[in-house]
Amino acid sequence: MPKIIKIKGRQVFDSRGNPTVEAEVYSDDGNHASAIVPSGVSRGTHEAFELRDLENKEYLGKSVLKSIEIVNTIISKSLNNFDTFDQRKIDQTLLNLDGTKQKKKLGANSILAVSIASSKLAAISKKISLFKYLGGISSNQLPLPLMNIINGGAHASNSLRIQEFMIRPEKAKTFSEAVKICFLVIQKLKTLLNQKNFSTSVGDEGGFAPSLNNNEEAIEFILESIEKAGFKPGNEVSICLDVASNELYKNGKYSVQSANFDDPKKTIDYYLDLIDKYPIKSIEDPFAEDDWMSWARFMQLIKASNKNIQVVGDDLFVTNKERLSKGIKEQGANAILVKPNQIGTLTETIDVIKLAHKNAYKTIISHRSGDSEDTFIADLAVATGSSQIKTGSLARSERVAKYNRLLRIEEELGKHAKMANI
Ligand code: PGA
Ligand code: ZN
(Lines give C-alpha, C1' and ligand atoms only; values in the text may rest on other atoms or scores of the structure.)
(Ligands and ions follow the chains in the order given, each with its own letter.)
Protein backbone atom coordinates (compact mmCIF):
# COMPACT_ATOMS: atom_id res chain seq x y z
CA MET A 1 0.00 0.00 0.00
CA PRO A 2 1.58 3.33 -1.04
CA LYS A 3 2.01 5.83 1.78
CA ILE A 4 1.93 9.63 1.73
CA ILE A 5 5.45 10.97 2.31
CA LYS A 6 5.15 14.66 1.49
CA ILE A 7 2.51 17.32 0.85
CA LYS A 8 3.41 20.64 -0.69
CA GLY A 9 1.15 23.65 -1.12
CA ARG A 10 1.65 26.50 -3.55
CA GLN A 11 -0.20 29.67 -4.45
CA VAL A 12 -1.40 29.68 -8.06
CA PHE A 13 -4.05 31.78 -9.85
CA ASP A 14 -7.62 31.09 -10.93
CA SER A 15 -9.50 32.14 -14.07
CA ARG A 16 -10.37 35.53 -12.59
CA GLY A 17 -6.71 36.09 -11.87
CA ASN A 18 -7.14 35.67 -8.12
CA PRO A 19 -4.76 33.64 -5.96
CA THR A 20 -5.86 30.11 -5.08
CA VAL A 21 -4.49 26.95 -3.48
CA GLU A 22 -2.74 24.10 -5.26
CA ALA A 23 -1.66 21.06 -3.25
CA GLU A 24 0.76 18.40 -4.42
CA VAL A 25 0.81 15.06 -2.62
CA TYR A 26 3.72 12.57 -2.92
CA SER A 27 3.72 8.86 -2.09
CA ASP A 28 6.54 6.41 -1.36
CA ASP A 29 5.99 4.54 -4.64
CA GLY A 30 7.46 7.52 -6.50
CA ASN A 31 4.16 9.05 -7.61
CA HIS A 32 2.68 12.47 -7.02
CA ALA A 33 -0.50 14.34 -7.96
CA SER A 34 -1.87 17.84 -7.57
CA ALA A 35 -5.20 19.64 -7.34
CA ILE A 36 -6.27 23.29 -7.59
CA VAL A 37 -9.35 24.57 -5.75
CA PRO A 38 -11.84 26.91 -7.45
CA SER A 39 -13.60 29.93 -5.97
CA GLY A 40 -17.14 31.28 -6.37
CA VAL A 41 -18.47 34.81 -6.31
CA SER A 42 -22.20 34.23 -5.72
CA ARG A 43 -21.52 32.25 -2.58
CA GLY A 44 -24.01 30.86 -0.08
CA THR A 45 -23.53 31.93 3.53
CA HIS A 46 -23.70 28.28 4.62
CA GLU A 47 -20.70 27.25 2.51
CA ALA A 48 -17.48 26.01 4.05
CA PHE A 49 -15.00 28.78 4.83
CA GLU A 50 -12.45 29.96 2.27
CA LEU A 51 -9.30 31.14 4.01
CA ARG A 52 -7.75 34.31 2.55
CA ASP A 53 -5.13 36.67 3.93
CA LEU A 54 -7.46 39.64 4.34
CA GLU A 55 -4.76 41.72 6.02
CA ASN A 56 -2.10 41.11 3.33
CA LYS A 57 -2.09 44.43 1.44
CA GLU A 58 0.48 43.14 -1.05
CA TYR A 59 -2.23 40.99 -2.66
CA LEU A 60 -5.13 43.32 -1.84
CA GLY A 61 -6.27 40.89 0.86
CA LYS A 62 -6.77 38.07 -1.65
CA SER A 63 -3.70 35.89 -1.20
CA VAL A 64 -3.91 32.37 0.27
CA LEU A 65 -0.43 32.19 1.81
CA LYS A 66 -1.76 31.25 5.25
CA SER A 67 -3.63 28.39 3.66
CA ILE A 68 -0.44 27.25 1.86
CA GLU A 69 1.44 27.39 5.17
CA ILE A 70 -1.24 25.18 6.76
CA VAL A 71 -0.92 22.63 3.94
CA ASN A 72 2.88 22.63 4.27
CA THR A 73 2.94 22.24 8.05
CA ILE A 74 -0.08 20.97 10.03
CA ILE A 75 -1.70 19.00 7.21
CA SER A 76 1.51 17.58 5.76
CA LYS A 77 2.65 16.41 9.21
CA SER A 78 -0.71 14.88 10.17
CA LEU A 79 -1.11 12.85 6.98
CA ASN A 80 2.45 11.60 6.87
CA ASN A 81 2.59 7.83 6.30
CA PHE A 82 -1.17 7.58 5.56
CA ASP A 83 -2.42 4.93 3.16
CA THR A 84 -3.27 6.85 -0.05
CA PHE A 85 -6.12 4.43 -0.81
CA ASP A 86 -7.93 5.25 2.44
CA GLN A 87 -9.68 8.44 1.31
CA ARG A 88 -12.23 8.28 4.11
CA LYS A 89 -9.51 8.19 6.77
CA ILE A 90 -7.57 11.00 5.08
CA ASP A 91 -10.68 13.19 4.98
CA GLN A 92 -11.77 12.29 8.51
CA THR A 93 -8.31 13.25 9.79
CA LEU A 94 -8.58 16.60 8.00
CA LEU A 95 -12.02 17.13 9.54
CA ASN A 96 -10.74 16.28 13.01
CA LEU A 97 -7.73 18.54 12.59
CA ASP A 98 -10.01 21.44 11.78
CA GLY A 99 -12.75 20.65 14.27
CA THR A 100 -15.12 23.50 13.27
CA LYS A 101 -18.44 23.25 11.46
CA GLN A 102 -17.46 25.44 8.49
CA LYS A 103 -13.76 24.52 8.40
CA LYS A 104 -12.77 27.92 9.74
CA LYS A 105 -9.53 26.81 11.35
CA LEU A 106 -7.69 25.32 8.36
CA GLY A 107 -9.89 26.71 5.58
CA ALA A 108 -11.90 24.56 3.17
CA ASN A 109 -9.50 25.59 0.38
CA SER A 110 -6.49 24.10 2.21
CA ILE A 111 -8.41 20.92 3.07
CA LEU A 112 -10.04 20.31 -0.32
CA ALA A 113 -6.84 20.75 -2.33
CA VAL A 114 -5.21 17.96 -0.29
CA SER A 115 -8.34 15.78 -0.28
CA ILE A 116 -8.67 15.86 -4.07
CA ALA A 117 -4.93 15.58 -4.78
CA SER A 118 -4.81 12.46 -2.57
CA SER A 119 -7.53 10.78 -4.61
CA LYS A 120 -5.73 11.61 -7.86
CA LEU A 121 -2.53 10.17 -6.42
CA ALA A 122 -4.31 6.95 -5.44
CA ALA A 123 -5.65 6.55 -8.99
CA ILE A 124 -2.14 7.07 -10.41
CA SER A 125 -0.69 4.48 -8.01
CA LYS A 126 -3.41 2.02 -9.00
CA LYS A 127 -2.72 2.82 -12.67
CA ILE A 128 -6.40 3.36 -13.43
CA SER A 129 -8.35 6.39 -14.59
CA LEU A 130 -9.52 8.73 -11.87
CA PHE A 131 -13.22 8.19 -12.62
CA LYS A 132 -12.77 4.44 -12.26
CA TYR A 133 -10.82 4.82 -9.03
CA LEU A 134 -13.53 7.06 -7.58
CA GLY A 135 -16.59 5.22 -8.85
CA GLY A 136 -15.48 1.65 -9.49
CA ILE A 137 -14.40 -0.01 -12.71
CA SER A 138 -17.94 -0.27 -14.06
CA SER A 139 -18.51 3.54 -14.03
CA ASN A 140 -19.61 4.32 -17.56
CA GLN A 141 -22.25 7.05 -17.63
CA LEU A 142 -21.47 10.44 -19.18
CA PRO A 143 -23.39 13.48 -17.88
CA LEU A 144 -25.49 15.83 -19.97
CA PRO A 145 -23.84 19.24 -20.15
CA LEU A 146 -25.70 22.31 -18.89
CA MET A 147 -23.91 24.99 -20.88
CA ASN A 148 -24.12 28.53 -19.61
CA ILE A 149 -24.27 30.48 -22.88
CA ILE A 150 -25.46 33.88 -21.66
CA ASN A 151 -23.90 35.25 -18.47
CA GLY A 152 -25.61 37.82 -16.26
CA GLY A 153 -25.90 38.67 -12.57
CA ALA A 154 -22.65 38.64 -10.60
CA HIS A 155 -20.81 36.93 -13.50
CA ALA A 156 -21.03 39.79 -15.99
CA SER A 157 -21.04 43.56 -16.07
CA ASN A 158 -24.33 43.74 -18.01
CA SER A 159 -27.70 44.36 -16.39
CA LEU A 160 -29.26 40.89 -16.78
CA ARG A 161 -30.80 39.93 -13.45
CA ILE A 162 -30.74 36.14 -13.88
CA GLN A 163 -27.14 34.90 -13.52
CA GLU A 164 -27.04 31.97 -15.96
CA PHE A 165 -28.96 31.18 -19.14
CA MET A 166 -28.07 27.62 -20.09
CA ILE A 167 -28.89 25.03 -22.72
CA ARG A 168 -29.19 21.27 -22.22
CA PRO A 169 -29.18 18.85 -25.18
CA GLU A 170 -31.98 16.58 -24.01
CA LYS A 171 -31.56 13.66 -26.34
CA ALA A 172 -27.89 13.42 -27.17
CA LYS A 173 -26.84 9.80 -27.61
CA THR A 174 -23.18 10.41 -26.86
CA PHE A 175 -21.22 13.07 -25.03
CA SER A 176 -19.54 14.18 -28.23
CA GLU A 177 -22.95 14.61 -29.83
CA ALA A 178 -24.08 16.67 -26.81
CA VAL A 179 -21.09 18.98 -27.21
CA LYS A 180 -21.66 19.26 -30.95
CA ILE A 181 -25.29 20.31 -30.42
CA CYS A 182 -24.22 22.98 -27.92
CA PHE A 183 -21.49 24.16 -30.29
CA LEU A 184 -24.02 24.64 -33.10
CA VAL A 185 -26.43 26.60 -30.88
CA ILE A 186 -23.61 28.77 -29.52
CA GLN A 187 -22.35 29.58 -33.03
CA LYS A 188 -25.88 30.59 -34.05
CA LEU A 189 -26.25 32.72 -30.95
CA LYS A 190 -22.99 34.48 -31.77
CA THR A 191 -24.22 35.28 -35.29
CA LEU A 192 -27.58 36.57 -34.03
CA LEU A 193 -25.97 38.79 -31.39
CA ASN A 194 -23.51 40.13 -33.95
CA GLN A 195 -26.30 40.88 -36.41
CA LYS A 196 -28.05 43.00 -33.81
CA ASN A 197 -24.82 44.73 -32.80
CA PHE A 198 -24.61 43.21 -29.36
CA SER A 199 -21.25 42.39 -27.85
CA THR A 200 -20.10 38.78 -28.10
CA SER A 201 -17.33 39.11 -25.55
CA VAL A 202 -17.71 36.61 -22.77
CA GLY A 203 -18.37 36.64 -19.02
CA ASP A 204 -16.73 34.70 -16.19
CA GLU A 205 -18.11 31.33 -17.29
CA GLY A 206 -17.49 31.74 -21.01
CA GLY A 207 -21.06 32.63 -22.01
CA PHE A 208 -21.75 35.82 -23.97
CA ALA A 209 -22.47 38.83 -21.81
CA PRO A 210 -24.48 41.21 -24.04
CA SER A 211 -26.17 44.28 -22.58
CA LEU A 212 -29.70 43.05 -23.01
CA ASN A 213 -32.65 44.76 -21.37
CA ASN A 214 -34.23 41.89 -19.50
CA ASN A 215 -34.33 38.14 -18.86
CA GLU A 216 -36.90 37.52 -21.59
CA GLU A 217 -34.70 39.09 -24.23
CA ALA A 218 -31.87 36.68 -23.34
CA ILE A 219 -34.27 33.72 -23.45
CA GLU A 220 -35.66 34.85 -26.83
CA PHE A 221 -32.15 35.02 -28.29
CA ILE A 222 -31.41 31.48 -27.11
CA LEU A 223 -34.73 30.19 -28.37
CA GLU A 224 -34.07 31.60 -31.82
CA SER A 225 -30.55 30.16 -31.81
CA ILE A 226 -31.87 26.68 -30.97
CA GLU A 227 -34.41 26.88 -33.79
CA LYS A 228 -31.99 28.35 -36.34
CA ALA A 229 -29.45 25.66 -35.46
CA GLY A 230 -32.10 23.15 -36.53
CA PHE A 231 -33.22 21.76 -33.16
CA LYS A 232 -36.62 21.49 -31.55
CA PRO A 233 -36.73 23.72 -28.47
CA GLY A 234 -37.68 21.79 -25.35
CA ASN A 235 -37.65 18.46 -27.07
CA GLU A 236 -34.09 18.39 -28.36
CA VAL A 237 -32.53 21.36 -26.62
CA SER A 238 -34.05 22.90 -23.51
CA ILE A 239 -33.35 26.12 -21.66
CA CYS A 240 -32.16 26.00 -18.04
CA LEU A 241 -31.75 28.93 -15.68
CA ASP A 242 -29.70 29.69 -12.60
CA VAL A 243 -31.35 32.68 -10.96
CA ALA A 244 -28.81 32.81 -8.08
CA SER A 245 -31.53 34.68 -6.25
CA ASN A 246 -29.52 35.19 -3.05
CA GLU A 247 -28.03 38.10 -4.96
CA LEU A 248 -31.50 39.49 -5.73
CA TYR A 249 -33.07 39.15 -2.28
CA LYS A 250 -33.64 41.88 0.27
CA ASN A 251 -36.04 42.10 3.22
CA GLY A 252 -38.10 39.10 2.09
CA LYS A 253 -38.48 40.37 -1.50
CA TYR A 254 -36.92 39.51 -4.87
CA SER A 255 -35.76 41.65 -7.78
CA VAL A 256 -35.66 38.81 -10.32
CA GLN A 257 -38.03 40.29 -12.87
CA SER A 258 -36.72 43.86 -12.82
CA ALA A 259 -34.88 46.17 -10.44
CA ASN A 260 -38.10 46.43 -8.41
CA PHE A 261 -38.51 44.15 -5.41
CA ASP A 262 -41.57 41.86 -5.46
CA ASP A 263 -42.93 39.60 -2.76
CA PRO A 264 -42.21 35.85 -3.20
CA LYS A 265 -45.72 35.11 -4.47
CA LYS A 266 -45.20 37.44 -7.42
CA THR A 267 -41.79 35.89 -8.06
CA ILE A 268 -43.34 32.41 -8.08
CA ASP A 269 -45.95 33.61 -10.61
CA TYR A 270 -43.18 35.09 -12.72
CA TYR A 271 -41.38 31.71 -12.88
CA LEU A 272 -44.61 29.86 -13.68
CA ASP A 273 -45.23 32.31 -16.52
CA LEU A 274 -41.71 31.82 -17.88
CA ILE A 275 -42.13 28.03 -17.74
CA ASP A 276 -45.46 28.34 -19.56
CA LYS A 277 -44.07 30.55 -22.25
CA TYR A 278 -40.65 29.03 -22.90
CA PRO A 279 -39.09 25.53 -23.10
CA ILE A 280 -37.48 25.88 -19.67
CA LYS A 281 -36.72 22.53 -18.00
CA SER A 282 -34.58 23.47 -15.00
CA ILE A 283 -34.43 26.38 -12.53
CA GLU A 284 -31.62 26.72 -10.01
CA ASP A 285 -31.83 28.83 -6.85
CA PRO A 286 -35.19 30.44 -7.65
CA PHE A 287 -35.34 31.54 -4.02
CA ALA A 288 -32.87 32.62 -1.36
CA GLU A 289 -30.87 30.18 0.73
CA ASP A 290 -33.11 30.31 3.82
CA ASP A 291 -36.49 31.04 2.25
CA TRP A 292 -37.58 27.39 2.65
CA MET A 293 -41.24 28.34 2.50
CA SER A 294 -41.08 29.72 -1.04
CA TRP A 295 -39.09 26.68 -2.22
CA ALA A 296 -41.74 24.29 -0.86
CA ARG A 297 -44.63 26.33 -2.23
CA PHE A 298 -43.00 26.50 -5.66
CA MET A 299 -42.31 22.75 -5.69
CA GLN A 300 -45.95 22.03 -4.88
CA LEU A 301 -47.09 24.12 -7.84
CA ILE A 302 -44.49 22.53 -10.12
CA LYS A 303 -45.66 19.05 -9.12
CA ALA A 304 -49.29 20.03 -9.67
CA SER A 305 -48.41 21.33 -13.16
CA ASN A 306 -47.09 17.89 -14.16
CA LYS A 307 -44.40 19.60 -16.19
CA ASN A 308 -41.33 17.71 -15.04
CA ILE A 309 -39.30 20.78 -14.17
CA GLN A 310 -35.98 20.34 -12.38
CA VAL A 311 -35.74 22.60 -9.32
CA VAL A 312 -32.10 22.81 -8.24
CA GLY A 313 -30.71 23.81 -4.85
CA ASP A 314 -27.25 25.37 -5.01
CA ASP A 315 -26.88 28.04 -2.30
CA LEU A 316 -29.84 26.33 -0.61
CA PHE A 317 -27.98 23.03 -0.03
CA VAL A 318 -24.30 24.08 -0.36
CA THR A 319 -23.37 20.40 -0.92
CA ASN A 320 -24.15 19.84 2.75
CA LYS A 321 -25.81 16.63 3.96
CA GLU A 322 -27.77 18.29 6.78
CA ARG A 323 -29.18 20.95 4.50
CA LEU A 324 -30.04 18.41 1.83
CA SER A 325 -31.82 16.25 4.45
CA LYS A 326 -33.89 19.27 5.46
CA GLY A 327 -34.75 19.92 1.82
CA ILE A 328 -35.80 16.32 1.29
CA LYS A 329 -38.02 16.46 4.36
CA GLU A 330 -39.61 19.75 3.38
CA GLN A 331 -39.85 18.80 -0.32
CA GLY A 332 -38.14 22.02 -1.34
CA ALA A 333 -36.43 20.87 -4.56
CA ASN A 334 -35.79 17.80 -6.70
CA ALA A 335 -32.13 18.27 -7.64
CA ILE A 336 -28.88 19.39 -6.03
CA LEU A 337 -25.93 21.27 -7.46
CA VAL A 338 -22.71 19.69 -6.20
CA LYS A 339 -19.65 21.89 -5.68
CA PRO A 340 -16.88 20.13 -3.75
CA ASN A 341 -15.51 23.42 -2.38
CA GLN A 342 -18.87 24.29 -0.80
CA ILE A 343 -18.28 21.48 1.68
CA GLY A 344 -14.50 20.96 1.63
CA THR A 345 -13.71 17.23 1.40
CA LEU A 346 -14.17 14.60 -1.28
CA THR A 347 -15.76 12.09 1.14
CA GLU A 348 -18.45 14.54 2.22
CA THR A 349 -19.09 15.41 -1.43
CA ILE A 350 -19.59 11.76 -2.38
CA ASP A 351 -21.79 11.17 0.69
CA VAL A 352 -24.11 14.03 -0.27
CA ILE A 353 -24.42 12.67 -3.83
CA LYS A 354 -25.33 9.23 -2.44
CA LEU A 355 -27.98 10.75 -0.18
CA ALA A 356 -29.40 12.68 -3.14
CA HIS A 357 -29.59 9.61 -5.38
CA LYS A 358 -31.17 7.55 -2.58
CA ASN A 359 -33.95 10.11 -2.48
CA ALA A 360 -34.41 10.32 -6.25
CA TYR A 361 -32.79 13.75 -6.44
CA LYS A 362 -30.88 14.52 -9.63
CA THR A 363 -27.26 15.57 -9.15
CA ILE A 364 -25.42 18.19 -11.18
CA ILE A 365 -21.68 18.36 -10.65
CA SER A 366 -20.51 21.96 -10.92
CA HIS A 367 -17.49 24.20 -11.43
CA ARG A 368 -17.18 27.64 -9.78
CA SER A 369 -17.13 30.95 -11.61
CA GLY A 370 -13.47 31.28 -10.63
CA ASP A 371 -11.99 27.98 -11.82
CA SER A 372 -8.78 26.51 -13.19
CA GLU A 373 -7.26 23.96 -15.55
CA ASP A 374 -8.07 21.24 -13.01
CA THR A 375 -10.55 18.78 -14.54
CA PHE A 376 -11.39 16.79 -11.40
CA ILE A 377 -15.16 17.47 -11.62
CA ALA A 378 -15.38 15.74 -15.01
CA ASP A 379 -14.15 12.47 -13.47
CA LEU A 380 -16.35 13.02 -10.43
CA ALA A 381 -19.45 13.35 -12.61
CA VAL A 382 -18.79 10.01 -14.34
CA ALA A 383 -17.70 8.27 -11.13
CA THR A 384 -20.90 9.20 -9.31
CA GLY A 385 -23.25 8.56 -12.23
CA SER A 386 -24.47 12.15 -12.01
CA SER A 387 -26.92 12.92 -14.79
CA GLN A 388 -25.57 16.42 -15.47
CA ILE A 389 -22.48 18.62 -15.33
CA LYS A 390 -22.45 22.41 -15.23
CA THR A 391 -19.13 23.84 -16.30
CA GLY A 392 -19.76 26.94 -18.37
CA SER A 393 -19.81 27.53 -22.10
CA LEU A 394 -17.56 26.23 -24.89
CA ALA A 395 -15.15 29.09 -24.31
CA ARG A 396 -12.32 29.87 -21.88
CA SER A 397 -9.91 27.00 -21.40
CA GLU A 398 -10.78 26.41 -17.73
CA ARG A 399 -14.35 25.55 -18.87
CA VAL A 400 -13.48 23.69 -22.08
CA ALA A 401 -10.88 21.60 -20.18
CA LYS A 402 -13.71 19.78 -18.39
CA TYR A 403 -15.58 19.05 -21.63
CA ASN A 404 -12.37 17.85 -23.27
CA ARG A 405 -11.70 15.53 -20.32
CA LEU A 406 -15.20 14.06 -20.72
CA LEU A 407 -14.56 13.49 -24.42
CA ARG A 408 -11.42 11.57 -23.49
CA ILE A 409 -13.30 9.54 -20.89
CA GLU A 410 -15.94 8.70 -23.49
CA GLU A 411 -13.21 7.56 -25.86
CA GLU A 412 -11.60 5.44 -23.14
CA LEU A 413 -14.94 3.77 -22.36
CA GLY A 414 -15.53 3.01 -26.03
CA LYS A 415 -18.61 0.87 -26.58
CA HIS A 416 -19.26 0.69 -22.84
CA ALA A 417 -19.95 4.42 -22.64
CA LYS A 418 -23.55 5.40 -22.11
CA MET A 419 -25.20 8.75 -21.94
CA ALA A 420 -27.30 9.96 -19.02
CA ASN A 421 -30.90 10.65 -19.76
CA ILE A 422 -33.20 12.92 -17.89
P1 PGA B 1 -20.30 31.00 -8.22
O2 PGA B 1 -21.65 30.78 -9.02
O3 PGA B 1 -19.35 29.94 -8.55
O4 PGA B 1 -19.89 32.37 -8.63
O5 PGA B 1 -20.68 31.00 -6.75
C6 PGA B 1 -22.03 29.60 -9.62
C7 PGA B 1 -23.46 29.27 -9.35
O8 PGA B 1 -24.18 30.07 -8.70
O9 PGA B 1 -23.91 28.20 -9.73
ZN1 ZN C 1 -25.99 28.56 -8.74
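Fair warning: this is a prediction, and the values are worked out from it, not measured in the lab. In listed order, ligands and their atoms are each counted from 1.
- When non-hydrogen atoms are compared, ligand 1 lies under 4.0 Å from neither the backbone nor the side chain of His367.
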| query | How far apart are the C-alpha atoms of Arg368 and Glu47, what are their side-chain angles, what is the distance that settles it, and do they pass the salt bridge (Lys or Arg N to Asp or Glu O under 4.0 Å) test? | reply | CA-CA 13 Å; Arg368 299 303 303 243; Glu47 288 191 26; 3.1 Å; yes

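- Centroid-to-centroid, the aromatic rings of Tyr254 and Phe287 come within less than 6.0 Å.
- Heavy-atom contacts of Lys390 reach the following atoms of ligand 1: 7 (C), 9 (O) (cutoff under 4.0 Å).
- Figure legend: cation-pi geometry between Lys120 and Phe376 absent, as NZ or CZ is not positioned both under 6.0 Å from the six-membered ring centre and within 45° of its axis.
- Each of Val318, Asp314, Asn246 was compared with Glu289 under the side chain to side chain contact (heavy atoms under 4.5 Å, CB included) criterion, and only Asn246 meets it.
- By the 4.5 Å heavy-atom criterion applied to side chains, Asn359 and Leu324 are not counted as neighbours.
- Between Thr20 and Phe13, the closest heavy-atom pair is CG2-C, 4.1 Å.
- Each of the following atoms of ligand 1 lies closer than 4.0 Å to a heavy atom of Arg368: 1 (P), 3 (O), 5 (O).
- Among the backbone and side-chain atoms of Glu284, an N/O/S atom is found under 2.8 Å from the Zn ion (ligand 2).
- Atoms of ligand 1 found under 4.0 Å from any heavy atom of Gly40 (numbered from 1 in listed order, with element): 1 (P), 3 (O), 4 (O), 5 (O).
- A salt bridge links Arg323 with Asp290: at least one charged nitrogen is closer than 4.0 Å to a carboxylate oxygen.
- More than 12 heavy atoms of other residues, nucleotides or ligands lie within 6.0 Å of CD in Glu330, so this atom counts as buried by the packing criterion.
- Nearest non-hydrogen protein atom to atom 7 (C) of ligand 1 is Lys339 NZ, 3.1 Å.
- Distance check for Asp315 against the Zn ion (ligand 2): none of its N/O/S atoms falls below 2.8 Å.
- In terms of polar-atom proximity, defined here as any N/O pair under 3.5 Å, Ser369 does make such a contact with ligand 1.
- When heavy-atom distances to ligand 1 are checked against a 4.0 Å cut-off, Asp242 comes that close only through its side chain, counted from C-beta outward.
- Minimum interatomic distance between Lys339 and Thr319 (heavy atoms only, all atoms of both residues): N-OG1, 2.9 Å.
- At least one N, O or S atom of Asp314, from either the backbone or the side chain, sits less than 2.8 Å from the Zn ion (ligand 2).
- For the pair Leu337 and ligand 1, a heavy-atom separation below 4.0 Å is found.
- The atoms of ligand 1 that sit less than 4.0 Å from any heavy atom of Glu284 are 9 (O).
- Every atom of ligand 1 with a heavy atom of His155 under 4.0 Å away is listed here by number and element: 1 (P), 2 (O), 4 (O), 6 (C).
- Only side-chain heavy atoms of Asp314 come within less than 4.0 Å of ligand 1; its backbone N, CA, C and O stay farther off.
- Every atom of ligand 1 with a heavy atom of Gln163 under 4.0 Å away is listed here by number and element: 2 (O), 6 (C), 7 (C), 8 (O).
- A side-chain donor from one of Ser199 and Ser201 sits under 3.5 Å from a side-chain acceptor of the other.
- Taking 4.0 Å as the cut-off, Ser42 counts as a neighbour of ligand 1 on heavy-atom distance.
- Looking at Asp242 and the Zn ion (ligand 2) together, the shortest N, O or S contact belongs to OD2.
- For Glu170 and Lys232, the salt-bridge test fails: no basic side-chain N is under 4.0 Å from an acidic carboxylate O.
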